[in-house]
Amino acid sequence: MSISPNPKRTVAELRELRGFTTDENGAQRVAFTPMWVQTRAWLRNKLETLPVETHVDAAGNLWSTLRGESETCLLIGGHMDSVPNGGWLDGCLNVLAGVEILRRIHAQYQGKPPVTVRLVDWADEEGARFGKSLFGSSACSGNLDMTEASGLVDKQGIKLPDALREVGIDFERVKDSGKELKNAAAYLELHIEQGPVLLDLDRPLGAVLGTFGVERHAITFHGQAAHSGSTPMNRRKDAFLAAAKMSPEIYRIAERSQGGVCTIGSCTTKPGIVTSVVEECRITLDQRHLAGPALARMLQEAKDASDKFAKEGNVKVAWERLWQIAPRPFNDELIALCDEAIRETCGQVHRLPSGPLHDAAEVAAAGVPTVMMFVQSLHGISHNKIEDTKEEHLELCVTAFDKLAEKAMKWICT
Ligand SMILES: [Zn+2]
């Protein structure tokens, strides 16, 4: 006997959630706030109709467990928290689709699926209040930097450990959350794409290959300030000219990398006055790629280009790394199953990397085979009240994600 999930119920529940967590500016489910606590209570209420064991772990992640024949676990995850003035789907679509899948699996296997199925609502995925995303999942994976996290403060000057105590979490113990990954054999996460790729290709759903690695640097060119009237063009040491040449160059670097992206996001000049040649020009460069070697090549090419432009302009250049994270490729076999589930649901599929980080990246980093499924975002926009997805696509993604969960259970059993 095969039972189908009820995707219309998921859409109705998303609307119900929007009804009490959204104001005229968008969703307001910021982690560790009263609205977030209320959202969680609403979620637990939904889960109460199922024979699941529910508890909050040491890092504030909410776990609901449907025991199966085996202790080996299939994990499904998402996050109920939002950014301030956020969209109605980011994070909670994943969780509510997971609730529907638990219902379907419970009904189909009369409460005893072949493997244990666990739904996790990660705490503070967005990092909206303390400026550090993936709090709950990075505590669970063990990657959370405790020294850095202990010093984080919100706009009111409240420290993260104090905000956590307010909601019953002991900061010193958050990494105990790691024991939740015991017996985890696969992790699945559904998410809105938050970008325009599927929209432009006219595909409702995509299988995600992994999350991009990121290299973030400041590049400073040093020349010489000189009078804009008295200095002939051939005598200048113009730091801005050298920095400006980087702009078209990063487009060529991105194109050669086949799949990478590069952004110069800021540019500041000194002395920064209208009558002086620029002495110092600082730009920032953000480079991302799914493949580690390709990302390293992109970085080297940018460094080589900066040296060349500095030499041409008779200026000096210095690099400073601001931040870096390795690519997190997902599991090949699970990607193939995700692909298959999408094809069976809507005939066509596209494979794509994820530019944004997600909790799935942390679970993958902890060594659990992981895959994500993306559903098309209208306007390619998220973290905004206009974030939206067609209703038919929302229904398709629940159906496809449920098929993926079934395939993953079978995959775990073989
Ligand atoms: Zn999200």
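Every number for a ligand or one of its atoms is a count from 1 in the order of the listing. Below, each value reflects all heavy atoms present in this structure, side chains not excepted, and no hydrogens, waters or symmetry copies.
- Exactly one of Val52, Thr54, Thr116 qualifies for a side chain to side chain contact (heavy atoms under 4.5 Å, CB included) with Thr65. That residue is Thr116.
- Here the side chain of His358 pairs no donor or acceptor atom with the backbone of Ala360 at under 3.5 angstrom.
- In this structure, the salt bridge (Lys or Arg N to Asp or Glu O under 4.0 Å) partners of Glu215, at least two apart in sequence or on a different chain, are Arg321.
- Excluding waters, the count of protein N/O/S atoms less than 2.8 Å from the Zn ion (ligand 1) comes to 3.
- Here side-chain hydrogen bond (donor to acceptor under 3.5 Å, both in side chains) pairs that include residues 404-414, with residues two or more places apart or in two chains, are Arg104-Glu406, Tyr109-Glu406, Glu333-Trp411, Glu340-Lys407, Glu344-Lys407, Glu406-Lys410.
- Remark: the backbone N or O of Thr147 is paired with a side-chain donor or acceptor of Ser150 at under 3.5 angstrom.
- Considering only residues two or more places apart in sequence or on other chains, Asp176 meets the side chain to side chain contact (heavy atoms under 4.5 Å, CB included) condition with Ala58, Arg173.
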